[in-house]
Enquirer: 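Take a look at the following structure, please.
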Amino acid sequence: WSLYPEVIFSIGLPIWYLFFGGTRSWLGAAITYLILAVFSWAATPLGPSTPTFVILRYFFLGIVLSHVVAFLKAHSSRAMEFVLPCAFLLGCVLLLAFGRWQPHFLTAALSYYSRIGISFHQDFVIVLLFIPIVASSAISFFFSFKPLVFLGLVSYGIYILHIPLMFVSFGDTFVMQSGSLMLDKVRVAPGLEQFGIVSTFISVVIIAWICHILIERPGIALGRRLAGRLAGVG
């Protein structure tokens with residue numbers, strides 16, 4: 001499903017960092033992101049970029065955003081505490097541009113936006129959502145609730161596991177349509193839609209939590225130890 005771009009990301013970037021020293025400035029990361037973004041847009045001008053380029057360019061976009069957040073925290077103001085929540089709300093609204101539910105009074109605007117922003121829609125929404133979550137005291141307070149923090153910790157496992165486990169649980173009652181997992185209501189058993197999806201999602205969360213404890217935590221710890229050794233050698 002998505003293992004190929006994940007493997008490219010997990011193997012390619014560490015090698016790049018090891019031999020070329022990584023990107024230590026936001027400017028280098030911004031230039032790299034722009035090159036990847038333009039290249040992936042040119043390769044798929046009528047639709048979203050391929051997963052490999054998306055993951056790579058988001059990595060460098062993340063570096064740039066970390067510098068932006070550090071700057072905003074160092075120069076916080078009352079105006080930013082107003083602007084950042086507004087940006088977050090705009091990001092939430094723009095998520096509807098490719099959603100199946102759209103309020104009637106926004107349908108036309110979101111339809112137009114989806115036609116002109118299909119290649120960089122995710123990038124723009126990430127910027128609008130990530131910066132306020134990290135830099136706005138009000139929004140970061142909301143996202144510091146323990147259930148949300150827990151879902152954040154296991155989110156990668158949920159992302160990787162939810163589609164395979166849905167197919168294992170429901171078989172041919174689920175189909176892929178335009179890259180999204182959809183329930184085939186013609187073949188689904190009565191009551192399965194509500195109970196089955198909820199129970200399977202809970203199972204996905206539990207398995208993702210186990211994977212986080214057994215795989216992700218040891219991997220992160222190992223990576224930090226290796227990074228510390230490399231920094232000491234440097």
Side-chain angles (χ1 to χ4, degrees), residues 5 9-10 12-41 48-49 51-98 113 116-156 159 216 219-221 223-228 230-232 234:
F9 177 82
S10 301
L13 283 177
I15 292 176
W16 184 84
Y17 257 72
L18 182 63
F19 287 98
F20 298 101
T23 301
R24 295 183 174 86
S25 70
W26 70 269
L27 183 59
I31 293 174
T32 306
Y33 160 75
L34 288 174
I35 292 174
L36 287 171
V38 171
F39 181 82
S40 59
W41 170 80
S49 307
T52 301
F53 288 116
V54 168
I55 292 175
L56 289 174
R57 84 195 211 197
Y58 288 168
F59 175 82
F60 291 100
L61 179 61
I63 297 176
V64 177
L65 290 179
S66 67
H67 286 275
V68 173
V69 168
F71 175 83
L72 291 177
K73 286 186 175 181
H75 301 81
S76 60
S77 64
R78 292 183 178 179
M80 291 307 302
E81 283 300 325
F82 172 77
V83 171
L84 290 178
C86 291
F88 180 81
L89 291 176
L90 176 60
C92 293
V93 170
L94 291 182
L95 284 176
L96 301 175
F98 292 97
Y113 169 79
I116 65 174
I118 191 169
S119 293
F120 298 100
H121 166 72
Q122 291 178 325
D123 309 55
F124 189 44
V125 171
I126 286 173
V127 171
L128 291 175
L129 296 182
F130 176 81
I131 294 179
I133 288 174
V134 179
S136 170
S137 59
I139 297 180
S140 62
F141 174 78
F142 173 77
F143 279 93
S144 66
F145 291 148
K146 289 185 178 180
L148 295 179
V149 173
F150 170 77
L151 288 177
L153 287 175
V154 302
S155 60
Y156 185 74
Y159 157 67
E216 290 185 51
I220 293 172
R224 287 175 176 172
R225 288 197 298 269
L226 292 176
L230 291 174

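Everything numeric in this text was worked out from a predicted model, so none of it was measured.
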Enquirer: Could you tell me which residues satisfy side chain to side chain contact (heavy atoms under 4.5 Å, CB included) with I31, sequence neighbours excluded, listed by chain and number?
Expert: L27, I35
Enquirer: Which atom pairs, one a donor and one an acceptor, fall under 3.5 Å between side chains of residues 127-137 and the rest of the protein, sequence neighbours left out?
Expert:
unit_1	atom_1	unit_2	atom_2	d
S137	OG	E81	OE1	3.3

Enquirer: Would you name the heavy atoms of Y33 and R57 that are closest together and state the gap between them?
Expert: CD1-O, 3.3 Å
Enquirer: Identify each donor-acceptor pair in which a side-chain atom of residues 143-155 lies under 3.5 Å from a protein atom, sequence neighbours left out, and give them as a table.
Expert:
unit_1	atom_1	unit_2	atom_2	d
S144	OG	F141	O	2.5
S155	OG	G152	O	2.8

Enquirer: Please report the interatomic distance CD1(I126) to CG(L65), rounded to the nearest 0.5 Å.
Expert: 8.0 Å
Enquirer: Side-chain contact, heavy-atom cut-off 4.5 Å: L89 with V93?
Expert: no
Enquirer: Identify, with sequence neighbours excluded, every residue that meets ring pair (Phe, Tyr, Trp, His ring centres under 6.0 Å) alongside F71.
Expert: H75
